[in-house]
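Chain identifiers are assigned alphabetically (A, B, ...) following the order of the sequence lines, protein sequences preceding nucleic acid strands; residue numbering begins at 1 within each chain.
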2 protein chains.
Amino acid sequence: MATEIDPIAQFRLPVTKERVFRAAIAVADAGGIDALTMRKVADELDVEPMSLYYHVANKAAILDGMVEALVNDIEDAVGRLDPLPDTADWKTALRRRILTARDVMLRHRWAPALFESRTDVGPATMRYFDTVLGLLRQGRFSFDLAHHALHALGSRVLGFTQELFESDDEQSDEQSMAALEQMADQLPNITQMMMEIAPHARNDPESTLGYCDDQAEFEFVLDLILDGLERIRDTA
Amino acid sequence: MATEIDPIAQFRLPVTKERVFRAAIAVADAGGIDALTMRKVADELDVEPMSLYYHVANKAAILDGMVEALVNDIEDAVGRLDPLPDTADWKTALRRRILTARDVMLRHRWAPALFESRTDVGPATMRYFDTVLGLLRQGRFSFDLAHHALHALGSRVLGFTQELFESDDEQSDEQSMAALEQMADQLPNITQMMMEIAPHARNDPESTLGYCDDQAEFEFVLDLILDGLERIRDTA
DNA sequence: ACCTGAACACCGTTCAAGT
DNA sequence: ACCTGAACACCGTTCAAGT
């Protein structure tokens with residue numbers, strides 16, 4: 001039963017679920033999540049759009065698969081880290097894992113919004129949370145407090161927070177700064193804050209709202225939460 | 001120059017920006033954010049789809065307007081609360097404001113995802129943050145710490161956290177529970193947690209992952225953050 | 001088993017035109 | 001000033017058919 005072989009198909013890698021997800025990630029990396037269409041993913045794989053439906057049920061399945069693929073990337077990145085000394089405590093291990101997750105996320109700016117839009121949690125994500133839960137348990141957290149901890153960390157455990165003030169690339173910082181100055185009388189506190197903690201930022205188009213360092217803020221809040229959890233553990 | 005009057009139009013309210021936003025909110029309340037199309041919003045206003053473009057630039061402007069409308073709803077709800085005694089501290093005031101915001105959010109389940117997807121911050125939202133900043137300043141926070149505090153609270157200041165484990169209505173809890181049991185060997189910690197802190201939940205289809213109380217978790221984490229901030233303020 | 005072509009229903013939006 | 005009809009480009013997806 002020698003199956004006929006498509007003369008073009010034999011010169012390209014066969015389509016698989018995994019390759020569909022990776023192609024989708026490449027499309028999103030290149031053009032943002034709005035550019036992610038079935039037709040573009042198919043293009044990326046050198047295949048007709050309808051072929052995708054042989055491998056995945058629909059677009060939602062691709063979005064779910066992208067999330068799982070990125071969680072696997074995080075787990076791989078954590079695996080490549082130098083092993084921690086036996087003396088390392090839970091906070092060190094968890095903190096390092098979370099900042100590694102953040103490294104992965106920073107390479108896919110569209111990912112946070114995608115993660116938060118999904119409602120189905122896949123097996124890779126489940127295992128990720130199970131591992132984090134294990135770290136907390138090693139840190140002598142009760143299941144009850146560990147459960148609270150997962151809620152407290154939220155998406156931060158995967159290395160991101162969805163910033164409400166995220167500036168998109170369309171609107172320049174000069175523009176938002178100008179809009180802000182126009183409302184100065186209605187925003188007495190924000191205006192004063194801008195002047196006090198970042199007078200230099202008024203002409204610095206590099207920084208988000210003129211004065212935020214996302215990485216520093218991420219770590220500040222992360223430590224606030226980790227320290228708060230530790231304190232609760234030790235006083236309970 | 002007596003303008004002709006459309007005999008149908010005179011029996012319906014004139015379309016305005018505000019009415020477009022309110023109609024969009026009604027559509028999303030009824031059918032979720034995916035059901036929000038220009039055509040459905042127009043239907044809601046008893047008007048042709050193309051008429052909307054006379055009042056708003058595009059769909060993105062409607063989404064931005066919906067966010068602003070909800071922020072105004074929050075501010076109104078806060079305004080309707082009994083005034084706090086003069087002795088009330090910053091934490092009481094901020095906590096109450098945030099839980100009031102949450103009440104509004106709970107009436108619009110699609111709103112959290114929408115809020116997080118927007119990148120332009122409108123004037124009402126700006127004023128909201130300015131007010132929160134004012135509360136922190138009254139609590140003797142430096143601008144620097146108050147700024148950190150806004151990051152630490154994140155979307156929580158508007159009454160929501162985007163739960164990664166949010167169960168959608170399609171997939172029943174029995175289903176996710178069954179999927180979880182099937183992976184039990186790969187999820188030793190989660191499995192044990194489920195058995196330990198919520199053995200009763202295994203047959204309780206009412207609770208999210210079987211044992212989470214969202215409101216209680218929200219308040220737990222809120223207090224964790226507020227207390228942590230207060231501690232930093234007092235030791236700085 | 002794997003891929004494709006044609007077609008459908010639906011979407012946001014443009015443009016020129018109506019009153 | 002405010003609203004509309006026709007049309008366009010694009011989307012996810014179905015179905016029957018190809019090799």
So if I define the base as every atom that isn't primed, P, OP1 or OP2, how would nucleotides 5-16 of chain C read as a B/S/- string at a heavy-atom cutoff under 4.0 Å? BB----BBBB--
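At distances below 3.5 Å, at least one donor-acceptor pair connects side-chain atoms of A:R19 with backbone N or O atoms of A:L13. The main-chain N or O of A:A28 is never found under 3.5 Å from a side-chain atom of A:K40 such that the two would form a donor-acceptor pair. Between the side chain of B:N189 and the backbone N or O of A:L133 there is no donor-acceptor pair closer than 3.5 Å. The closest donor-acceptor contact from the side chain of B:Y54 to the backbone of B:V15 lies at 3.5 Å or more, if one exists at all.
For B:H55 and D:dC3, the shortest distance from a side-chain N or O to OP1 or OP2 is below 4.0 Å. Between B:Y54 and the phosphate of D:dC2, there is a side-chain N or O to OP1/OP2 separation shorter than 4.0 Å.
Salt-bridge formation is not detected for the pair B:R39/B:E44: no Lys NZ or Arg NE/NH1/NH2 atom is positioned less than 4.0 Å from an Asp or Glu carboxylate oxygen. Using a cut-off of 4.0 Å between Lys/Arg side-chain N and Asp/Glu carboxylate O, A:D73 and A:R22 are scored as salt-bridged.
For B:D34, the CG atom sits in a loose shell: 12 or fewer heavy atoms of surrounding residues, nucleotides or ligands are nearer than 6.0 Å. Counting non-hydrogen atoms of neighbouring residues, nucleotides and ligands closer than 6.0 angstrom, the CD atom of A:Q182 reaches no more than 12 such neighbours.
Counting only N and O atoms by type, the side chains of B:Q162 and A:S155 include no donor and acceptor under 3.5 Å apart.
If you check residues 22-30 of chain B against DNA chain D, you find no residue with a heavy atom closer than 4.0 Å.
A straight line from CG of B:L45 to C1' of D:dT4 spans 15 Å, rounded to a whole angstrom.
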Just the dot-bracket of DNA chain D, please: which string comes out with Watson-Crick or G-U pairs under 3.5 Å, [ ] for crossing, | for another strand? ||.|||||...|||||.||
Decide side chain to side chain contact (heavy atoms under 4.5 Å, CB included) for B:V71 and B:R127; before the verdict, give the C-alpha distance in whole Å, the side-chain angles of both, and the deciding distance to 0.1 Å. CA-CA 9 Å; B:V71 172; B:R127 279 193 299 272; over 6 Å; no
